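Notes follow the structure.
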Amino acid sequence: MPVSNKKFTLGATERLKSRKTIERLFRDGRHFTLFPFKVYYLFSSAAGIVPPPGPATLPGLSSLPGLSSPPLQAGFAAGSRHFKKAVDRNRIKRLTKEAYRLQKSDLQQHLHATNRSLALFLIYTGKDLPAHSLINEKIGVILQKLIREAGS
RNA sequence: GCUACCAACCGGGUCAUCGCUCGCGCCGCAAGGCGGGGGAGGAAAGUCCGGACAGCGCAGGGCAAUGCACCGGUUAAGAGCCGGGGGGCGCGGAAGCGUUCACAGAGAGUGCCACAGAAAAUAACUGCCGAAUUAUCGUUGUGGCAGCCGGGUUCGCCUGGGAGCCUACGGUAAGGUAAAGUUGAAAACGUGGGGUAAGAGCCCACGGCCCCGUCAAGUAAUUGCCGGGGCGGGUAAACCUUGCAUGCUGUAAUGCCAUGUAGGUUCCGGUUUCCCGGUCGGACAGCUUCGUGCUGAACGGUCGGGAAGGUUAGCUGCCCGCUAGCAACGUCCGGGACGGGUAGGCAGCCAGAUCUCUGCAGUAAUGCAGGGGCCAGAUAAAUGAUGACCGCCCGCCGCGCAAGCGGCGGGAACAGGAUCCGGCUUACAGGUUGGUAGUAAUU
């Protein structure tokens, strides 16, 4: 796996792009809130069949991150409720992606070691435009929490 | 130089590190790697107009609905733009200049017009008049006639009174009138005179406005002169009328590939009549070589076709009407609902009413010709993040007579493609250039 070699990339394969997977994540995944983010996540084994919370065996899940996909996929959003202008939403998503990109390697290696994959969605729920340093700090905390979740 | 306004343009730069997306070249079985390129706006926004493009619909007609509304030009088109005309407003002595107007019709009809006011379209009320006509009132009323009553008488008549009638006068009502009536955004063309019972464009003079016509100018809107007719408000962004135009839905359109369209549950509707032809059977009739042979034939079965009716679907609002399907007592046909399934990929999807420069035509919008350029194509949605320096602006401090220099701190707008173009509207820190006006200084 070449994942550990290139550290700070966030290409198309590492982002959540499938509408189907995203819907499954919101429907069956777990979530927690760590201000100013709401985090949806859904673990599964590297083979991509059974997620740990295990609601049921879902046959449509075979297209989830499997052998050909990286074990970690993430999506990002900012609600248009608080940010009416597209420029502001873009800014928040870019800052979030940047912070995630620079700090995700630990989680990635942990997943690789435990042979599991994870779908992740980060929604910014704050009401004001955040500073870069705040986002950086909070994303770090969220990633640590996810590592603990994966270990348990 | 400064200030104001208008127009056009710009909308921070460089470097480093780590990243994103789409082509190209090379390497690699592949995953991918390396190299070198492209990568948001003047409004990308609002989605208000107009197109291109696409699908659905489309024999045709009618109704409805919607939009537009001075003229000419421009354009693929427009509720855009350019030029012109007209009205309003502002400045001005005027010429003119600027600005603004959804600028057809209120001489077809219906409706509405808050508050105030007599009244918002009927002419009511106050008021004025009461001439004509009609009615009516009037205590000594102006004149006349006069039934009747009293007195006198030469019996001819004289004289006094007098109901009533006519007339005159005064009043009232019907009636006439729209001059005056504290309002209001708006009040029945304005001023003056004549006229009248009182009045009135009722008449006249001058002026204003509207309509029609001749002539002249102009492509036209329109303008001018003359002539004729007229002058009872506003509102059509109330209904409406007139003229013109218009199918509907939008790239989540749409096409292709892959997958699926299976099995199931349930509801509703349907099985018609007639005609023609083929074929089979055939009551019966005729012919007969008497062979149940030939010919005809009501009727019946079956197959095919047609007509009417029925029914289902379509006709992107409705109707006429049109088109297509169905006709089968079978667990059949048609339609609907539930349920089930897919929501992946490719095309559309970026070379175009394209950008830019030059020339020509035109007052201009714009067009034509030539040269050069290639300028985002994402799809949970890329074009970024961080740092440093430079440039710009603001504040404070220090130095300096001052211009300014240095240090520290802070700020930098509106705003992000999603099919693509042409417009419109709205938002916008700061800056550059040009023009106009004012003003200071210098020559």
Side-chain angles (χ1 to χ4, degrees), chain A residues 1-49 51 55-113 115-144 146:
Chain A
M1 275 279 184
V3 178
S4 49
N5 299 338
K6 37 196 166 78
K7 289 195 249 174
F8 303 121
T9 61
L10 188 63
T13 55
E14 293 178 69
R15 297 199 305 266
L16 262 182
K17 295 179 82 100
S18 164
R19 179 176 295 272
K20 198 167 153 185
T21 310
I22 291 164
E23 281 175 6
R24 264 196 37 73
L25 170 58
F26 282 125
R27 197 174 61 238
D28 303 323
R30 311 176 76 182
H31 62 87
F32 61 86
T33 302
L34 195 148
F35 187 82
F37 289 100
K38 187 167 188 180
V39 184
Y40 285 84
Y41 64 101
L42 183 62
F43 286 100
S44 59
S45 75
I49 304 297
T57 304
L58 292 145
L61 201 58
S62 56
S63 59
L64 263 186
L67 289 174
S68 60
S69 302
L72 180 58
Q73 286 193 316
F76 308 88
S80 58
R81 192 183 205 166
H82 296 305
F83 301 96
K84 286 170 69 179
K85 288 182 277 190
V87 173
D88 295 336
R89 294 196 297 274
N90 276 350
R91 165 82 182 173
I92 289 166
K93 280 154 76 177
R94 280 164 178 162
L95 284 173
T96 313
K97 269 192 276 188
E98 192 69 9
Y100 171 81
R101 177 173 70 81
L102 295 173
Q103 301 181 60
K104 69 177 165 56
S105 57
D106 284 349
L107 178 61
Q108 225 163 13
Q109 284 174 358
H110 184 83
L111 288 168
H112 185 56
N115 203 28
R116 302 172 81 183
S117 65
L118 172 65
L120 184 67
F121 207 96
L122 294 168
I123 300 176
Y124 184 82
T125 54
K127 292 177 183 174
D128 305 310
L129 268 177
H132 174 250
S133 56
L134 176 78
I135 297 285
N136 237 356
E137 181 189 329
K138 295 292 182 184
I139 291 293
V141 174
I142 287 167
L143 289 173
Q144 288 306 313
L146 282 171

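Each chain gets a letter, A, B and so on, in the order its sequence line appears, and its residues count up from 1. Nothing here was measured: the structure is a model prediction, and the numbers come from that model.
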Checklist entry - Is a donor-acceptor contact shorter than 3.5 angstrom present between the side chain of Arg101(A) and the base of C18(B)? => result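 Result: at least one qualifying N/O pair found.
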
Could you tell me whether [N] is syn or anti, where syn means a glycosidic angle within 90 degrees of zero?
N	answer
G156(B)	syn
C137(B)	anti
G345(B)	anti
G80(B)	anti
G138(B)	anti

Specify the separation, in whole Å, of atom [atom1] of [X] and atom [atom2] of [N].
X	N	atom1	atom2	result
Phe121(A)	A381(B)	CZ	C1'	11 Å
Tyr40(A)	A380(B)	OH	P	19 Å
Lys93(A)	G416(B)	NZ	P	13 Å
Arg89(A)	G416(B)	CZ	C1'	10 Å
Tyr100(A)	A380(B)	OH	C1'	14 Å
Glu14(A)	A31(B)	CD	C1'	14 Å
Ile92(A)	A385(B)	CD1	P	13 Å

Return the polar atom pairs (N/O with N/O) between nucleotides 386-388 of chain B and the protein under 3.5 Å, or none.
| unit_1 | atom_1 | unit_2 | atom_2 | d |
| --- | --- | --- | --- | --- |
| U386(B) | OP1 | Arg91(A) | NH2 | 3.4 |

Next on the checklist: Please compare Phe26(A) and Glu98(A) by the position of their nearest nucleotide in RNA chain B and report the one closer to 5'.
Outcome noted: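 First, find each residue's nearest nucleotide; the 5'-ward one identifies Phe26(A).
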
Next on the checklist: So Phe76(A), base contact, sugar-phosphate only, or nothing? Heavy-atom distance under 4.0 Å.
Outcome noted: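 It contacts nothing in the nucleic acid.
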
Checklist entry - Checking all strands, does Ala86(A) fall into the base, sugar-phosphate, or nothing category for heavy-atom contacts under 4.0 angstrom? => result sugar-phosphate

When the [atom1] atoms of [N] and [M] are considered, how many whole Å apart are they?
N	M	atom1	result
G282(B)	G301(B)	P	16 Å
A65(B)	C318(B)	C1'	11 Å
G270(B)	G306(B)	C1'	23 Å
C374(B)	A351(B)	P	13 Å
G416(B)	G41(B)	P	14 Å
A262(B)	U342(B)	C1'	14 Å
C49(B)	G25(B)	P	47 Å
U249(B)	A381(B)	P	34 Å

Item to check | Donor-acceptor pair, side chain of Arg30(A) and main chain of Leu42(A), under 3.5 angstrom | outcome: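 No; zero donor-acceptor contacts below 3.5 Å.
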
Considering only side-chain heavy atoms of [X], which listed nucleotide, [options], is closest?
X	options	answer
Val87(A)	A415(B), A385(B), A380(B)	A415(B)
Lys97(A)	A380(B), G417(B), A381(B)	A381(B)
Arg15(A)	G384(B), U21(B), G417(B)	U21(B)
Arg94(A)	G384(B), A381(B), A380(B)	G384(B)
Leu102(A)	A380(B), G416(B), C18(B)	C18(B)

Checklist entry - Say you draw a straight line from CG of Leu107(A) to CG of Leu111(A); how long is it, rounded to the nearest 0.5 Å? => result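 CG of Leu111(A) is found 4.5 Å from CG of Leu107(A).
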
Got a list of side-chain donor-acceptor pairs under 3.5 Å for residues 32-40 of chain A, not counting sequence neighbours?
none

Report yes if some heavy atom in the side chain of [X] is under 4.5 Å from a heavy atom in the side chain of [Y]; otherwise report no.
X	Y	result
Asn136(A)	Gln103(A)	yes
Leu16(A)	Leu120(A)	no
Asp88(A)	Leu129(A)	yes
Tyr124(A)	Ile135(A)	yes

Hunt down the Watson-Crick or G-U wobble partner of [N], both distances under 3.5 Å, from any strand shown, or write none.
N	value
G260(B)	none
U289(B)	none
A427(B)	none

Checklist entry - Can you list the residues that meet the side-chain contact (heavy atoms from CB on, under 4.5 Å) rule with Leu102(A), with sequence neighbours excluded? => result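 For Leu102(A), the residues satisfying side-chain contact (heavy atoms from CB on, under 4.5 Å) (neighbours in sequence not counted) are Phe8(A), Glu98(A).
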
